[in-house]
Structure formats: structure tokens, C-alpha cells
Amino acid sequence: MFATLSDRLADTFRNLRGKGRLSEADIDATAREIRIALLEADVALPVVKDFVAAVKDRARGEEVSQALNPAQQIVKIVNEELVTILGGETRRLRYAKSGPTVILLAGLQGAGKTTLAAKLGLWLKEQGKSPLLVACDLQRPNAVQQLQVNGERAGVPVFAPEPGNGVGDPVAVARASIDEAKRTLHDVLVVDTAGRLGVDAEMMKQAADIRDAVQPDEVLFVVDAMIGQDAVTTAQAFLEGVGFDGVVLTKLDGDARGGAALSIASVTGRPVMFASAGEQLTDFDLFHPDRMASRILDMGDMLTLIEQAEKTFDQEQALKAAEKLTTGGDFTLDDFLEQMQQVRKLGSMSKIMGMLPGMGQFREQLDNFDEREVDRIQAIIQSMTPAERANPKLIDGSRRARIAKGSGRQVSDVNNLVDRFFEARKMMQQFAKGGMPGVPGMPGMAGGGKRGKQKAQAKKGKGRRVSGNPAKAAQQAAAEKEKAAAAPANPFGSPNGEEVDYEKAAAALDLPQDFSKYLK
């Protein structure tokens with residue numbers, strides 16, 4: 001969504017690196033580039049003007065002029081101003097003190113309200129609530145059926161007393177849904193209303209009538225993030241006609257420029273509360289302005305990644321895998337496949353990698369990443385026997401040919417997988433033991449690889465070679481025995497040097513007796 005904006009800002013900040021001080025010309029040039037980047041991202045002009053003015057004022061202040069690294073201070077200022085125009089703090093839902101909480105969804109037709117209603121229902125269910133979806137979109141063909149199908153997928157019940165397709169009174173359905181929620185003990189109602197085509201006075205009045213009938217605790221304006229500055233115009237029309245408390249952005253995974261996300265909160269004064277970034281029902285979460293600003297500036301979004309991992313990963317499996325690594329147990333190819341499948345539950349690999357800091361420079365590679373690679377790896381591993389998965393060292397040439405044939409892959413693919421597995425297991429074991437791969441002297445490193453082993457062997461020196469001929473070996477042993485007998489006795493202890501008398505050694509060297517402690 002923000003690829004173009006991120007790239008332009010990254011180029012702008014790159015030009016500031018290495019400068020000990022920022023001149024007035026540097027600040028003006030940076031502000032000009034930021035202005036162009038925001039306008040290209042389709043951000044509303046009033047928002048751009050206020051944003052650039054705030055950045056220039058702060059850039060001329062003491063926090064930059066007295067900073068050790070002015071370029072980093074400019075990045076910090078831009079980040080803070082982005083958080084401000086995105087809404088500041090994360091806004092959370094308000095729940096009713098008594099009775100069911102009513103959440104009313106409104107917006108243009110095609111913004112994705114019906115699908116979003118099911119996503120919100122699933123999210124509320126994960127928060128420990130008992131939601132009920134209400135089908136009040138009785139105008140659009142099959143809107144009621146769509147909500148019922150999505151509700152079934154999400155495991156959330158749907159209240160749909162009318163068939164829709166132009167039949168039924170949406171205001172009466174909305175009013176009846178409150179009694180239904182009380183009867184069935186549901187504590188949250190999500191009311192899906194009909195979409196509007198542009199600014200339609202009649203449909204606006206219908207939305208206002210539904211609002212008056214149910215007295216919602218939250219009115220959420222659902223907007224397609226890909227429509228650019230039109231989103232701001234539509235939002236203002238809804239704000240005047242119906243009113244809303246927060247904004248939900250859909251289709252954030254699209255290739256639009258993202259100006260809606262940066263404009264709505266600033267222009268309407270209503271915060272963005274939720275964001276939908278995918279087709280799956282789980283691609284929905286709270287909107288965090290600070291995390292979105294961090295993504296735009298290519299600083300990553302580790303908090304969201306960690307939260308998704310905590311929700312997705314099987315803790316018991318993760319603990320078992322960690323225990324195998326730390327206790328020296330066998331980490332098998334089955335464990336390797338389980339870990340990959342756990343990661344896959346987070347979503348697409350390109351999306352996961354995009355949450356890591358500094359991945360903007362690899363955007364082209366991420367966009368071209370083949371998501372079917374995990375399927376290929378799974379096919380290869382599942383073509384192995386249980387013994388081969390438990391001990392990959394058994395996999396010789398003939399076995400690799402059989403596995404490749406069974407998985408429909410090349411032998412080179414099997415070789416690559418086995419090699420990658422051994423490298424990954426070695427690295428994970430070193431990390432689990434507190435080691436750092438490739439760093440000599442760290443735990444588990446044995447002097448830092450082959451070169452360290454060679455040095456250790458060189459220090460040992462050459463030992464006495466024993467002939468393989470029994471007669472020659474006996475002659476060598478006899479010669480060694482005679483040599484040992486002819487050698488002078490150790491003046492400081494036993495002839496074989498098993499024990500040293502350090503006091504005798506000190507006297508022989510004409511040293512003071514108390515010096516013997518330094519010889520020990």
C-alpha cells in the first residue's frame with residue numbers, strides 16, 4: 001500500500017546521511033521531497049501543507065541543531081508527525097455498561113462492509129465476546145446470503161429474518177435484533193447496513209433511521225483505502241449525514257497509494273480504529289498509528305508480528321522443539337516441517353518478511369517470492385520414510401533419487417533441502433546454547449570452525465609413529481624403553497615426572513624456598 005511513499009522517503013533520508021549539520025537549504029530540500037512524496041501518495045492537500053509545515057518548524061529548532069546526528073532527528077520528527085496525522089493513539093471499542101453493545105457499519109457500496117462484519121465478529125469472538133451479526137442490507141442482491149455464509153465461516157451466528165433482495169424493512173430488522181440479542185444472550189451486535197452509491201440522500205436517511213432505532217454505541221465508517229482522496233470527500237458527507245465515531249480501512253493490501261489512511265483521521269477528526277489487509281477472515285486487527293508510521297518509514301512492525309505469532313503458534317509444539325535443541329535431543333525433519341507450517345499460519349511469507357525492519361530494499365524480491373516453496377518442501381519431506389526423517393544422515397544417493405521421484409522434484413532439490421536442514425539445525429542449536437554462529441570463542445564454537453580445529457591440532461604436535469609391522473613395532477618399543485632407562489632421573493621428583501617437588505626445584509635453581517609457591 002505505502003510502497004511508493006516509503007521508497008521516496010527512504011531516498012530523501014539517504015541524502016541526509018553523513019551530514020554533521022543541516023543547513024537551511026538542506027531542510028528546504030528535505031521538506032520539498034516530503035511534500036512531493038505525500039502528494040504522490042494521494043494525501044489530501046491540506047494535510048500535506050500542515051504536515052510539511054510542522055516538520056520544517058521542528059527541523060529548525062534546537063532538537064535538530066544541537067543533535068549529534070541531525071539526519072536521525074529528522075527521521076524521528078517525520079515518524080512522530082506521521083503518528084499524529086494517523087490519529088495519535090490507538091482507539092479501542094467502547095462497550096455498553098448494560099445490555100448488548102451495538103456497532104453500526106456504514107459506508108459506500110463495494111467498500112467491503114459485509115465481509116468486514118464477519119471479520120469484526122470473529123475478532124470480537126477472539127476477544128471473549130459473544131457477537132451476533134445483523135443483516136440489514138436488504139437492497140443489494142444476495143447480501144443477506146453473503147453475510148450468512150461469512151458468519152458460518154467465522155463461527156458467528158447471523159440474525160436475518162428477512163430474505164433481502166429488495167424485500168423487508170431494515171429499520172424493523174435492526175430494532176428486532178436488540179430483543180433477539182437479549183433473548184439469546186449475545187453481548188455485541190454488529191449491524192451490516194446497505195451501501196450507498198455516492199452521496200444518496202434517501203439511503204443516508206435510511207442509515208440515520210437505523211442509527212436512531214438502535215442507538216449504537218459505535219458507528220464505524222467503512223472505507224476502501226484504494227479510492228484515494230475521494231475517501232475524504234465521502235467521509236465528510238457521511239459525517240454530516242449520519243455521523244460516525246471511527247473509521248475502518250479495507251483493502252490495505254492493495255497496490256493503491258494509501259492517501260486515504262493518511263488523510264481521513266486528520267480531516268474528519270475521527271480516528272482509524274481497524275484495518276483489513278487481506279481476503280482471509282483473520283486479516284483484520286486494531287489500527288495502531290505508531291506501527292503504521294513505522295512501516296511507512298521501513299522500520300518494520302515487530303510488535304504486530306509478535307502478537308500474530310503468539311495467537312498462531314502452538315505453544316506446546318514450540319516448547320518441545322526448543323527443549324530438543326537445548327538438551328541436545330534430535331531435531332528431526334518432522335520438527336522442521338512443523339515449524340514451517342506454524343510460520344505459514346501467520347500468512348504469506350512476503351507479508352511476514354515485510355514486517356521486518358529494513359526489508360523495503362528487498363521489496364522486489366518479496367513481491368516475486370513463490371509462496372508454493374513451502375508446499376514443495378512438504379512434498380519432499382513427506383516422501384521420506386519415518387527413519388529418514390528422524391535421521392537425515394541415512395539419505396544416500398539412491399534414497400535421494402527415490403525421494404525426488406516420489407515428490408515430483410529434482411535430486412538437486414532434495415540435496416538443497418537436506419543441506420539447508422543441517423545448517424538450520426546447527427544454527428538453532430548454537431543460538432539455543434547462547435552461541436553466535438561464526439564467532440570464535442562463543443559457547444559451542446570449538447575455536448571457530450575448521451581453522452580453529454587445525455590450529456588446535458597443530459599445537460598438539462606430531463606424536464610417535466608406530467609401525468604396522470609387529471616385528472618393527474617391538475623393536476621400536478624396546479628402543480624407547482632403553483632410551484627412558486638411560487635418561488637422567490628427574491631431580492625434582494619421580495623419574496616418570498608424575499609428581500614434582502617444587503621445594504627441591506627452587507633449591508636446585510638457587511631460589512628462595514618461599515618462591516616454590518610461584519612454580520606451582
Side-chain angles (χ1 to χ4, degrees), residues 92-96 100-165 168 170-171 173-178 180-181 184 186-196 203 206-207 210-211 213-225 238 242 244-253 272-287:
R92 300 181 183 274
L93 284 174
R94 295 187 299 254
Y95 295 103
T101 300
V102 180
I103 301 173
L104 180 66
L105 303 181
L108 289 179
Q109 186 174 2
K113 289 188 306 304
T114 303
T115 302
L116 189 127
K119 290 183 176 183
L120 179 57
L122 177 60
W123 183 86
L124 288 165
K125 183 180 176 183
E126 291 174 348
Q127 304 300 310
K129 302 294 182 181
S130 176
L132 176 66
L133 307 182
V134 183
C136 287
D137 183 358
L138 306 180
Q139 305 293 327
R140 182 169 61 87
N142 297 322
V144 174
Q145 289 80 357
Q146 181 187 354
L147 185 63
Q148 289 173 328
V149 170
N150 286 334
E152 185 177 354
R153 288 174 55 204
V156 178
V158 178
F159 179 66
E162 299 289 349
N165 299 322
V171 178
V173 172
R175 189 179 290 112
S177 67
I178 296 179
E180 176 67 13
T184 54
H186 288 92
D187 55 4
V188 182
L189 283 171
V190 179
V191 182
D192 177 33
T193 63
R196 282 81 184 127
M203 299 300 286
Q206 184 187 98
I210 295 175
R211 177 201 63 199
V214 297
Q215 294 295 312
D217 299 279
E218 297 277 11
V219 179
L220 301 183
F221 174 60
V222 182
V223 61
D224 183 345
F238 268 88
V242 181
F244 56 84
D245 304 295
V247 179
V248 181
L249 290 173
T250 62
K251 306 178 186 177
L252 271 176
D253 57 328
V272 179
M273 293 178 61
F274 294 97
S276 174
E279 298 179 358
Q280 300 297 322
L281 293 180
T282 53
D283 294 331
F284 175 85
D285 209 342
L286 282 170
F287 183 85

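Predicted model, so just to flag it, every value in this text is computed and none were measured.
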Asker: Rounded to the nearest 0.5 Å, what's the gap from CZ on Phe274 to CG on Leu286? Could you check?
Answerer: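 Rounded to the nearest 0.5 Å, the CZ-CG separation comes out at 5.0 Å.
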Asker: Between Asp224 and Lys251, does any side-chain N to carboxylate O distance fall below 4.0 Å?
Answerer: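 Result for this pair is yes, salt bridge flagged.
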Asker: Under 6.0 Å from the ring centre and within 45 degrees of the ring axis: does the NZ or CZ of Lys129 meet both conditions for the six-membered ring of Tyr95?
Answerer: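 Yes, a cation-pi geometry holds between Lys129 and Tyr95.
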Asker: Enter the distance from Ile103:CD1 to Asp217:CG here, rounded to the nearest 0.5 Å.
Answerer: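 Here the rounded value is 8.0 Å.
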Asker: Phe159: what forms a ring pair (Phe, Tyr, Trp, His ring centres under 6.0 Å) with it, not counting sequence neighbours?
Answerer: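 Residues passing ring pair (Phe, Tyr, Trp, His ring centres under 6.0 Å) with Phe159: none at all.
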Asker: Indicate the atoms forming the closest heavy-atom contact of Ala213 with Val171, along with that distance.
Answerer: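 Smallest interatomic distance, heavy atoms only, reads CB-CG1, 3.9 Å.
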Asker: Going from OG on Ser177 to CG on Leu189, what distance comes out if it is rounded to the nearest 0.5 angstrom?
Answerer: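 Answer for the OG-CG pair, Ser177 versus Leu189, is 4.5 Å.
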Asker: Roughly how far, to the nearest 0.5 Å, is CG of Leu104 from CG of Asp245?
Answerer: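 Going from the CG atom of Asp245 to the CG atom of Leu104 covers 9.5 Å.
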Asker: Is Leu220 close to Met273 at the side-chain level, that is, under 4.5 Å between some pair of heavy atoms?
Answerer: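 Touching, per the 4.5 Å side-chain cut-off.
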Asker: A side-chain contact here means heavy atoms from C-beta on lying under 4.5 Å apart; do Val214 and Arg175 qualify?
Answerer: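 A side-chain contact under 4.5 Å is absent here.
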Asker: Closest heavy-atom contact between Ala154 and Ala118?
Answerer: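 It is CB-O, 3.9 Å.
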Asker: Once side-chain hydrogen bond (donor to acceptor under 3.5 Å, both in side chains) is applied, do any residues pair with Arg153, and if so which ones, sequence neighbours excluded?
Answerer: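 Only Asn150 meet the side-chain hydrogen bond (donor to acceptor under 3.5 Å, both in side chains) criterion with Arg153.
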Asker: Name each donor-acceptor pair under 3.5 Å that joins a side chain in residues 132-143 to protein atoms two or more places apart or in another chain, with its distance.
Answerer:
from: Asp137; atom 1: OD1; to: Gln139; atom 2: N; distance (Å): 3.4
from: Asp137; atom 1: OD1; to: Arg140; atom 2: N; distance (Å): 3.4
from: Arg140; atom 1: NH1; to: Gln146; atom 2: OE1; distance (Å): 3.1
from: Arg140; atom 1: NH2; to: Thr114; atom 2: OG1; distance (Å): 3.0
from: Arg140; atom 1: NH2; to: Gln146; atom 2: OE1; distance (Å): 2.9

Asker: Measuring only between side-chain heavy atoms, which start at C-beta, is Asp187 closer than 4.5 Å to Ser130?
Answerer: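 Asp187 reaches Ser130 side chain to side chain.
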Asker: Do Leu93 and Trp123 have side chains that get closer than 4.5 Å, going by heavy atoms?
Answerer: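 A side-chain contact exists here, since the closest heavy-atom pair is under 4.5 Å.
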Asker: Pro131 versus His186: any side-chain heavy-atom pair under 4.5 Å?
Answerer: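 A side-chain contact is absent here, since even the closest heavy-atom pair is not under 4.5 Å.
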Asker: Would Lys119 and Val190 satisfy side chain to side chain contact (heavy atoms under 4.5 Å, CB included), going step by step from the backbone distance to the final call?
Answerer: CA-CA 10 Å; Lys119 290 183 176 183; Val190 179; over 6 Å; no
Asker: What orientation do Phe238 and Phe221 show, parallel under 30°, tilted 30 to 60°, or perpendicular over 60°?
Answerer: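 Tilted, since the angle between the ring planes falls between 30° and 60°.
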Asker: Under 6.0 Å from the CD atom of Gln215, do we count more than 12 heavy atoms belonging to anything else shown?
Answerer: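 Count over threshold, so yes.
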Asker: Would you say Thr101's side chain and Ala96's backbone share a donor-acceptor pair under 3.5 angstrom?
Answerer: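 Pair found, side chain donor or acceptor close to backbone of Ala96.
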Asker: If the test is side chain to side chain contact (heavy atoms under 4.5 Å, CB included), which one of Leu249, Leu108, Val247, Thr250 qualifies with Val222?
Answerer: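 That would be Thr250.
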Asker: Heavy-atom count around Gln127 CD within 6.0 Å, excluding the residue itself: above 12?
Answerer: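 Atom CD in Gln127 is packed in, count exceeds 12.
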Asker: If you round to the nearest 0.5 Å, how far is CZ of Arg92 from CZ of Phe287?
Answerer: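 Going from the CZ atom of Phe287 to the CZ atom of Arg92 covers 13.5 Å.
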Asker: Would you say Pro170 and Ile210 make side-chain contact, with heavy atoms under 4.5 Å?
Answerer: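 Yes - at least one pair of side-chain heavy atoms lies under 4.5 Å apart.
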Asker: Strictly distance-based, threshold 3.5 Å: is any side-chain N or O of Arg94 a donor or acceptor partner for the main-chain N or O of Glu218?
Answerer: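 No.
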Asker: Between Thr193 and Lys113, do the side chains contain an N or O donor and an N or O acceptor separated by less than 3.5 Å?
Answerer: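 The criterion, which ignores hydrogens and geometry beyond distance, is not satisfied for Lys113 and Thr193.
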